[in-house]
Amino acid sequence: MPKMMPELVSSPVIHRYQDGAPVLSAKDIPYPASCVFNAGVVKFKGQYIMAFRNDYDFNPEKANFGGCVIGLAFSDDGIHWKVQDEPFLTKESLGDPDVTRIYDPRLTVLEDKIHLCFAVDTNHGLRGGIAVTEDRKTIQVLSLTAPDNRNMVLFPEKIGGRYVRLERPFPVYSRGGKDRFDTWISFSPDLRYWGDSSLLLPVEDVPFCNDKTGPAAPPIKTDAGWLVLFHAVHIDPARGKFGWEKSWKKCYNAGIMLLDLEDPTRIIGMSREPLITPETYWETEDGFRTNVIFPGGMILEDDGEVKIYYGASDTVECLATARVEDLIALCKPL
Ligand code: BMA
């Protein structure tokens with residue numbers, strides 16, 4: 001039996017923009033769109049850039065979608081977004097007929113270029129990609145994992161001379177055939193070849209989790225350490241269904257931790273409670289899979305405000321803010 005969860009509440013340091021109303025949703029998209037969520041966001045040369053996931057052609061009878069693309073949006077303030085006329089990436093963008101879906105983008109500015117992490121479903125498993133874009137129209141794929149691995153995020157600079165990523169492999173056989181997945185960390189000399197992998201955040205270390213942990217937004221650097229958002233999932237099979245699907249009983253919360261600046265394989269602090277747990281109408285009442293908070297972007301402003309972008313209910317994109325010092329203070333030493 002999965003461990004039962006206590007009643008969860010979001011941290012008081014979190015402020016939802018407009019009481020949690022979306023900053024981007026299907027109605028803002030100039031091409032077919034049903035659910036717009038799980039975005040990656042960066043601030044690059046003064047402009048905010050968002051890459052979002054758009055599942056389109058929803059079929060209510062089958063509770064599934066005709067397809068999924070990644071779109072781009074731009075903003076001067078990180079709040080009001082102008083969406084580019086055409087999708088940025090489709091499953092065809094990789095030129096590999098084995099790819100059946102591309103989704104869940106994360107963005108990192110690294111060495112003055114926008115890097116993109118993404119997930120693809122293929123006929124032979126789930127893969128995580130790392131790419132760079134110079135023109136915001138095309139991507140150059142630098143690496144693709146072997147199945148099954150995804151949810152990758154890149155650190156914004158090299159550490160100890162190597163690139164670093166967080167990731168979430170899917171070890172099914174050794175974990176009793178069910179999803180019980182943890183966050184890992186890997187290193188690379190060139191963004192192509194990845195290794196020196198180690199377990200970073202196992203499910204059992206997160207008090208509000210009984211199912212899986214995964215990287216959320218790319219880490220931000222602070223004097224206290226790398227500030228890292230993660231998602232943590234708990235399941236209670238006794239719970240009623242969440243959302244439009246026949247059965248969806250998972251609850252996704254956002255958590256926060258601090259990693260050592262020089263040795264990011266070391267967790268130096270973590271909040272024992274969720275940072276954001278589903279609470280608003282958009283997070284709990286209506287959506288494809290309600291009770292899902294899926295952060296993919298975190299921006300530290302010059303004045304110490306942190307903007308956190310998160311997909312709500314796999315349906316809309318929302319924004320919360322917090323003070324960086326408050327987030328750090330939540331990460332109590334382990
Ligand atoms: C995960 C991914 C995410 C999604 C989440 C909740 O497995 O597919 O894209 O937001 O499930 O449905």
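Counting starts at 1 for both ligands and their atoms, in listed order.
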**Prompt:** Applying a 4.0 Å heavy-atom criterion (strictly less than), which segment of Lys250 is in contact with ligand 1: side chain, backbone, both, or neither?
**Reply:** neither
**Prompt:** Judged by modelled atom types alone, do Trp244 and Asp286 share a side-chain donor-acceptor pair under 3.5 Å?
**Reply:** yes
Listing, residues 27-35 side-chain donor-acceptor contacts under 3.5 Å, not counting sequence neighbours, or none:
from: Asp28; atom 1: OD2; to: Ser25; atom 2: N; distance (Å): 2.9
from: Ser34; atom 1: OG; to: Asp57; atom 2: N; distance (Å): 3.1
from: Ser34; atom 1: OG; to: Phe58; atom 2: N; distance (Å): 3.2

Check ligand 1 against [X] and write out every atom of the ligand that is under 4.0 Å from a heavy-atom position of the residue.
{"X": "Asp104", "result": "2 (C), 3 (C), 9 (O)"}
{"X": "Asn38", "result": "3 (C), 4 (C), 9 (O), 10 (O)"}
{"X": "Tyr252", "result": "1 (C), 5 (C), 6 (C), 7 (O), 11 (O)"}

**Prompt:** Phe65 and Phe288: aromatic ring centres closer than 6.0 Å?
**Reply:** yes
**Asked** In this structure, which one of Glu157, Glu111, Arg192 forms a side-chain hydrogen bond (donor to acceptor under 3.5 Å, both in side chains) with Tyr163?
**Response** Glu111
**Partner of Tyr309 under side chain to side chain contact (heavy atoms under 4.5 Å, CB included), chosen from Leu24, Leu319, Asn38** = Leu319
**Asked** Heavy atom of Arg150 under 4.0 Å from ligand 1?
**Response** yes
**Non-hydrogen atom of Trp248 closer than 4.0 Å to ligand 1** = yes
**Message:** Among all the protein's non-hydrogen atoms, which is closest to atom 12 (O) of ligand 1, and how far away is it?
**Reply:** Asp314 OD2, 2.5 Å
**Message:** Give me each pair satisfying ring-ring contact (aromatic ring centres under 6.0 Å, His included) with a member in residues 119-160, each pair once, sequence neighbours excluded.
**Reply:** Phe155-Trp226
